[in-house]
Amino acid sequence: MPEDLSLDAVSVLLVWTAVAVYALAFIAYAVDLARRSDLALKAKDAAPATVAAPAPALVGAGAPTIREIRAAEAEAELALNARPAERPRLLWARIGTTLTWLGFLLHVAATVLRGIAAERVPWSNMYEFAMTGTVLVVAVYLVVLFRYDLRFLGTFITGLVVVLLGGAATSFYVVVVPLADPLKSVWLVIHVFVASLASAFLALAFALSVVQLMQARREARAIARVGAEADGAASVSRGRDGARFLRTLPSADSLESLAYRFAIIGFIFWTFTLIAGAIWANDAWGRYWGFDTKEVWTFVIWVLYAGYIHARATRGWRGNRSAWLSIVGFSAVLFNFIIVNQFFKGLHAYSGLS
Amino acid sequence: MSRPSSDHADPSAPLRPGDHSDAPGDGAADGDRAIVQPQLGVVGWLRWGWRQLTSMRTALVLLLLLAIAAIPGSIVPQRGADPNGVTQWRADNPDLYPVLDALQMFDVYTSVWFSAIYILLFVSLIGCVIPRTKHHWQALKSRPPRTPARLSRLADHRSVGVRLAGDEDAAAAASAAIDDAQRQLRKSGYRVERYDTGGAASVSAERGYLRETGNLVFHGALVGVLLSVGIGGGMTYTGQTVIVEGDTFVNSLGLGYTSFNPGRFVDTDQMPPYSLTLDRFDVSYGEFTGEPGHGMAGDFRAHLTVAEPDRDPREGEVRVNHPYEIEGDRIYLMGNGYAPTITVRNAAGDVVFSEDVPFLPQDNNMTSQGVVKVADGMPEQLGLVGFFYPTAATLASGAIGSAYGNLNNPLVTFWVYQGDLGIDDGTPRSVYTLDPTGMEQIAGGDSGLSSLELEPGQTVDLPNGLGTVTFEDGRAAGAEEAVKRYVSLSIHRDVGAPFVLVFAILATLGLLAGLFVPRRRLWVKATLTDGALRLEYAGLARGEDPAIAQAVADLARGHLAALDRDEVELPPEAERPRRPRPARAQAPDVN
Ligand code: HEM
């Protein structure tokens with residue numbers, strides 16, 4: 001076979017095609033969010049007909065009443081849990097999901113080809129970690145879509161994958177080289193794969209926590225205004241409470257419990273990663289724990305998420321503060337992958353970059 | 001001494017610190033209340049302090065502190081993991097070094113501040129877990145709580161009317177319906193209890209005690225991990241040794257080890273008596289194509305003969321990722337290199353030095369450095385600093401380098417120093433380095449004479465008629481290769497590791513149960529009305545339980561199907577309105 005048509009070259013081509021398709025999916029999802037704002041407005045216009053009309057003086061442009069907020073929340077909650085066939089027909093979200101599936105198939109093909117080209121699992125250096133890790137992020141997202149309608153996270157997921165996968169293909173790409181001896185272990189297969197899987201769940205939790213914070217802010221503002229109006233305050237700000245599409249999303253509270261559900265799954269996998277890593281280290285380096293930089297960061301992330309789980313159970317920390325911990329936790333995951341792998345000195349010198 | 005957070009009347013509810021989010025109260029945490037409480041002397045203060053320490057908030061803050069405190073150790077080199085890095089750091093930052101050193105930044109994980117955080121955390125943990133365990137033990141023996149008077153107040157509630165036949169005994173029908181429900185619930189793993197009162201029969205069911213058990217096992221196992229690490233560490237030793245092909249290592253302090261670090265409780269006289277002979281070291285090299293990664297060495301394999309008293313010698317093999325286990329010791333392959341056999345003769349032709357000299361690899365192509373020290377038999381002591389190139393090639397710069405890791409064109413070069421080696425005053429000196437201070441260079445470098453260059457089998461003269469140096473060709477002695485190889489092995493005994501693993505697995509199992517087993521209560525109640533039974537199904541989640549609504553729906557469906565009676569419309573209950581599902585948004589309830 002000619003050099004420039006090697007399996008790996010085809011794989012790279014597929015990676016870039018996948019990135020392009022994901023980018024289109026991102027655009028479709030973004031259009032969806034923009035159109036949801038319109039939907040939210042239309043729904044509001046239609047609302048007074050169905051909901052007992054509140055005193056007209058209290059209804060300002062862009063200022064929904066509590067009753068409307070509640071109704072919208074209940075509807076969003078239903079939509080979140082609806083079966084795929086019963087979901088609201090959001091054309092652009094559908095286009096986004098279809099494109100995401102297409103990108104995913106290309107992405108999987110690219111990853112599998114890379115594995116075949118390298119004659120081993122395709123997660124042995126930074127480029128491959130990124131490739132497999134993002135495949136798992138998309139896979140988890142697509143699978144979860146069967147259970148929850150999380151298409152409002154579509155921009156986040158596809159955006160993240162475009163950045164990580166495109167970035168990795170640009171800056172982390174390395175040709176296939178034989179595996180260094182220490183990497184020849186079943187634990188490479190298990191430990192790294194589970195770590196990527198954990199990261200995928202933690203990414204979803206992160207996204208939900210971000211939306212939760214936005215939603216909580218919007219709710220707080222809406223409530224503050226309704227409270228002020230109820231007190232008869234004359235001049236109440238009529239400004240927007242937050243991005244309009246938020247009105248079509250579940251309440252901060254149900255976003256939080258959803259984020260928590262993904263976070264604990266991620267946490268379990270991360271715990272497993274930690275233990276598998278220690279077992280591997282014990283075989284490869286003669287000690288199960290040595291506070292190597294990568295071990296330190298794996299531990300830090302684990303403790304941060306243990307903190308998050310505690311925060312969820314601690315009065316005064318549930319809600320926004322715990323959401324921040326989830327955000328910090330996932331930032332540490334990204335930092336561990338991108339920065340620690342490249343710039344921190346340690347035994348885990350497997351980025352494949354020099 | 002954390003107090004039960006839920007009402008005392010409910011002994012099956014898990015015990016939680018006062019500031020747990022499930023604890024009753026209007027948002028003012030117990031901790032805050034405790035602060036303004038008048039204190040009753042020393043005991044009161046102690047009690048208050050203990051309660052603070054074992055609160056959720058303290059645990060949380062300590063956890064976050066632990067995460068932050070661990071970070072510096074990944075930025076600044078640590079003495080334990082990377083002593084050379086610390087030396088280098090000191091040389092690079094002479095001004096900052098004393099400051100960071102005073103802050104124990106080079107020993108983060110044994111520092112006072114790091115230890116303080118995790119010790120406090122574990123004291124808090126133990127103080128939290130013990131009362132909870134006691135309480136849970138009792139809860140395991142208690143019965144599910146009384147059926148609430150108004151099930152309709154619960155968020156997950158369903159009420160259905162079923163018709164009775166005209167002549168039916170209503171009370172008996174109600175009781176029978178509840179019997180059915182009781183059976184059904186028990187079958188799905190619930191603990192059940194009947195609570196029949198005048199006009200109503202009901203069953204109260206609870207499941208998910210395993211959730212709290214898992215939580216306690218998890219926290220307890222963390223203590224186990226810590227203890228195993230701490231105690232096991234004291235009984236652990238690690239040692240390093242170097243074996244050249246054909247040589248034998250004897251597991252005894254003073255004989256075989258080049259370095260040895262015993263834990264506090266290790267008895268070094270009781271080391272298992274075995275010996276290891278390195279028969280052969282194998283390594284394979286990728287094809288030499290000049291592309292990235294090609295020519296890479298791999299598949300390192302040390303073939304050993306293992307001998308123990310009272311046993312036949314047997315073969316053993318050590319590979320990367322595959323340590324050899326013997327008598328509870330694990331033997332790791334840490335490195336390898338070439339050990340050229342060098343013979344030095346004096347002017348009279350007497351052999352004054354003849355050894356396999358391990359050379360330390362300096363790069364991927366195995367350019368290696370080694371030292372020969374001739375202490376006796378020469379007019380003055382002699383030191384030879386050598387480079388070994390398995391595949392010698394002249395680089396573009398004109399210097400010699402190694403182009404490949406395998407023995408394609410082996411070459412040794414030496415610089416020669418004459419004078420005092422500094423080994424007679426008892427100062428320990430590394431066998432791999434030579435300190436030339438006070439010595440005169442007589443070949444190579446600035447000496448004016450070129451360095452000695454030898455291929456296997458060659459002998460060259462030392463300057464000034466001092467004698468000769470020979471690079472022996474192993475093949476002459478029947479070996480397969482011209483130059484011998486050596487391995488550096490690391491020998492470990494870690495008594496704690498298996499315990500750490502067991503506790504870690506326990507912790508994971510506990511975690512799975514603690515996070516994913518739903519804990520919930522279900523009730524089924526049958527109330528008599530005119531010519532019909534009102535059947536009520538209700539559920540209450542204790543802690544995170546996304547599937548509670550589903551559970552109530554399933555219960556109702558299963559029970560009604562088994563009952564097989566016609567449903568009827570019932571007049572609404574007197575007590576209304578029902579609260580909507582508690583959307584816990586902070587919105588004021590304007591319904
Ligand atoms: C090394 C320190 C600790 C770690 C790593 C840790 C970690 C965790 C994790 C992962 C969970 C969720 C798993 C489960 O529910 O089984 C949890 C739950 C819990 N922890 Fe800890 N913990 C620590 C210390 C403590 C301390 C000191 C306390 C007491 C103040 C405590 C009290 C609790 C409680 C009450 C829960 C249940 C939370 C709930 O109701 O959802 N933990 N902890």
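Basis for what follows: all heavy atoms, side chains included, without hydrogens, waters or symmetry-related copies. A, B, ... follow the sequence lines: proteins, then strands. Residue 1 opens every chain. Since the model is a prediction, treat every value here as computed from it, not as a measurement.
- Neither the backbone nor the side chain of Trp289(A) comes within contact range of chain B; no heavy atoms are under 4.5 Å apart.
- For Ile301(A), no part lies under 4.5 angstrom from a heavy atom of chain B.
- Taking CG of Asp292(A) as the reference point, atom CD of Gln78(B) lies at 11.0 Å (rounded to 0.5 Å).
- Under the 4.5 Å side-chain criterion, counting only non-hydrogen atoms from C-beta, Leu63(B) is not in contact with Tyr308(A).
- When atom types are taken as modelled, the side chain of Tyr109(B) and the backbone of Gly290(A) share no donor-acceptor pair closer than 3.5 angstrom.
- Summarising the geometry, atom CD1 belonging to Ile68(B) is positioned 8.0 Å from atom CG belonging to Leu304(A); distances are rounded to the nearest 0.5 Å.
- Contact of Trp187(A) with chain B is not made at all, since no heavy-atom distance falls under 4.5 Å.
- Note that OG of Ser74(B) and CD1 of Ile339(A) are 12.0 Å apart. Values are rounded to the nearest 0.5 Å.
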Could you go through Phe516(B) and Ile268(A), starting from their C-alpha distance and side-chain angles, then the distance that decides it, and tell me whether this counts as side-chain contact (heavy atoms from CB on, under 4.5 Å)? CA-CA 10 Å; Phe516(B) 295 109; Ile268(A) 287 282; 3.5 Å; yes
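- Nearest heavy atoms, Trp285(A) versus His492(B): O-CE1, 4.4 Å.
- Interface residue Ile279(A): only side-chain heavy atoms are found under 4.5 Å from chain B.
- For the set Leu325(A), Val303(A), Ile265(A), the count of heavy-atom pairs under 4.5 angstrom toward chain B peaks at Val303(A).
- Interface residue Ala313(A): backbone and side-chain heavy atoms are both found under 4.5 Å from chain B.
- Nearest heavy-atom pair, Gly18(B) versus Arg315(A), reported as atom, atom and distance to 0.1 Å: O-NH2, 3.7 Å.
- Interatomic distance, Asn321(B) CG to Lys184(A) NZ, rounded to the nearest 0.5 Å: 10.0 Å.
- Interface summary for chain A: among Val500(B), Ile75(B), Ile491(B), the most heavy-atom pairs under 4.5 angstrom belong to Val500(B).
- If you take CD1 on Ile275(A) and CG on Leu501(B), they are separated by 7.5 Å, rounding to the nearest 0.5 Å.
- Taking each heavy atom of Gly286(A) and Tyr332(B) in turn, the nearest pair found is CA-CZ, 3.2 Å.
- Contact annotation for Phe272(A): neither backbone nor side-chain heavy atoms come within less than 4.5 Å of a heavy atom of chain B.
- Residue Leu489(B) does not touch chain A at all, counting heavy-atom pairs closer than 4.5 Å.
- When every heavy atom of Gly307(A) is checked against every heavy atom of Leu60(B), the shortest pair comes out as O-CD1, 3.2 Å.
- Among Val229(B), Leu62(B), Asp299(B), Thr508(B), the residue with the largest count of heavy-atom pairs under 4.5 Å with chain A is Asp299(B).
- Annotation: the span from Thr236(B) atom OG1 to Arg287(A) atom CZ amounts to 13.5 Å, rounded to 0.5 Å.
- Counting all heavy atoms, side chain and backbone alike, Met56(B) lies closest to His310(A) at CE-O, 4.0 Å.
- Looking only at side-chain heavy atoms (C-beta outward), Asp82(B) and Phe291(A) stay at 4.5 Å or farther from each other.
- Looking at Thr271(A), only its side chain comes within 4.5 Å of chain B, counting heavy atoms on both sides.
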